[in-house]
Amino acid sequence: MKFSEISSKNVAELNALLKEKKLLLFTLKQKLKTMQLTNPNEIGAVKKEIAQISTAINASK
């Protein structure tokens, strides 16, 4: 997801999206620990999206 798409959303949508991405990150880390994750690069991509969403939330304040 591009930052321009993220910054066009309101704060409530961003908070919901942030919660969803953090839950996804948690599940990916659990899969990594149990050797079920096929592509470990997904973790870095989700972390990047979380950072972009957090930046958009802080910029809207």
Side-chain angles (χ1 to χ4, degrees):
M1 184 177 292
K2 293 188 176 187
F3 187 74
S4 59
E5 295 171 5
I6 293 172
S7 61
S8 65
K9 297 185 181 205
N10 63 21
V11 177
E13 291 174 339
L14 289 174
N15 283 329
L17 189 61
L18 183 64
K19 186 175 182 180
E20 177 185 323
K21 293 295 179 180
K22 284 186 175 183
L23 182 62
L24 177 62
L25 180 64
F26 176 76
T27 57
L28 287 175
K29 285 183 176 180
Q30 292 298 320
K31 286 183 179 182
L32 182 68
K33 296 288 183 185
T34 59
M35 304 297 268
Q36 295 175 348
L37 188 63
T38 57
N39 186 6
N41 294 332
E42 292 178 46
I43 293 176
V46 172
K47 283 183 178 181
K48 182 178 177 181
E49 289 178 3
I50 289 173
Q52 288 175 340
I53 295 167
S54 297
T55 301
I57 290 172
N58 288 333
S60 65
K61 287 183 181 179

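- Here the straight-line distance linking atom OG of Ser60 with atom NZ of Lys9 works out to 13.5 Å at 0.5 Å rounding.
- Taken to the nearest 0.5 Å, the OG1 atom of Thr38 stands 11.0 Å off from the CG atom of Leu32.
- Rounded to the nearest 0.5 Å, atoms CD (Glu5) and CD (Gln52) are 10.0 Å apart.
- Taking CG of Leu14 as the reference point, atom CD1 of Ile6 lies at 7.5 Å (rounded to 0.5 Å).
- Heavy atoms only, all atoms of each residue included: Lys21 and Val46 are closest at O-CG1, 3.6 Å.
- The distance from the CD atom of Gln30 to the CG atom of Leu25 is 10.5 Å, given to the nearest 0.5 Å.
- Residue Phe26 qualifies as open at atom CZ: its count of foreign heavy atoms under 6.0 Å is 12 or below.
- When all heavy atoms of Ala56 and Ser7 are compared, the pair lying nearest together is CB-CA, 4.5 Å.
- Note on Val11 and Leu18: separate hydrophobic clusters, where clusters join Ile, Leu, Val, Met, Phe, Trp and Tyr whose side-chain heavy atoms are under 4.5 Å apart, directly or indirectly.
- Contact check for Lys19 versus Leu23: no side-chain heavy atoms found under the 4.5 Å cut-off.
- For the atom pair CD (Glu13) and CD1 (Ile57), the distance works out to 11.5 Å, reported to the nearest 0.5 Å.
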